[in-house]
Amino acid sequence: MRSPRRCSRNGCPRQAVATLTYVYNESTAVVGPLAAFAEPHTYDLCEPHARSLTAPRGWEVVRHEGEFEPPPPTTDDLVALAEAVREAARPAPPRPAELEAEINGEQHTGRRGHLRVIPPHH
């Protein structure tokens, strides 16, 4: 499964929920919802860093109003989830007769490959 995008700030392990873009010719930093794809010259930010971002003197910050939502699952995430559900729904492989007998309380000595089932002594 593809891991979620992380905050671009050094050492921050949180999931990104916003994208920072600089508009240099307007001296503006724009913090908006997370872009669908990571783009060059943009920065992914977690919510605390998106909310606390400040711009250099003379620059303006334009910030998304409202909540920053975590990104929706990607197709890769959905495929991985579907595969996990299918795997969990598969029936268990049949058990060898010796193991079945042991589980049912039957006592006998058997041989399975290089292992031997020895009945417990009472």
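Side chains are part of it too, since the values below use all heavy atoms of this structure and drop only hydrogens, waters and symmetry mates.
In plain terms, the two heavy atoms of Cys46 and Arg14 that are nearest each other are SG-NE, 3.3 Å.
Of the possible polar contacts, one joining the Arg6 side chain to the Pro13 backbone as a donor-acceptor pair under 3.5 Å is found. The closest donor-acceptor contact from the side chain of Ser8 to the backbone of Asp44 lies under 3.5 Å.
Leu53 has its side chain within reach of Leu20: a pair of non-hydrogen atoms, C-beta onward, lies under 4.5 Å apart. The shortest distance between side-chain heavy atoms of Leu34 and Val17 does not fall below 4.5 Å. With contacts defined as side-chain heavy-atom distances shorter than 4.5 Å, the pair Gln15/Cys7 does not qualify.
The side-chain hydrogen bond (donor to acceptor under 3.5 Å, both in side chains) pairs that include a residue from residues 45-64 are Glu47-Arg51, where partners are two or more places apart or lie in different chains. Here salt bridge (charged side-chain N to carboxylate O under 4.0 Å, His left out) pairs that include residues 27-43, with residues two or more places apart or in two chains, number zero.
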Name every donor-acceptor pair, under 3.5 Å, that has one atom in a side chain of residues 24-32 and the other anywhere in the protein, sequence neighbours excluded.
unit_1: Thr28; atom_1: OG1; unit_2: Glu26; atom_2: O; d: 2.8

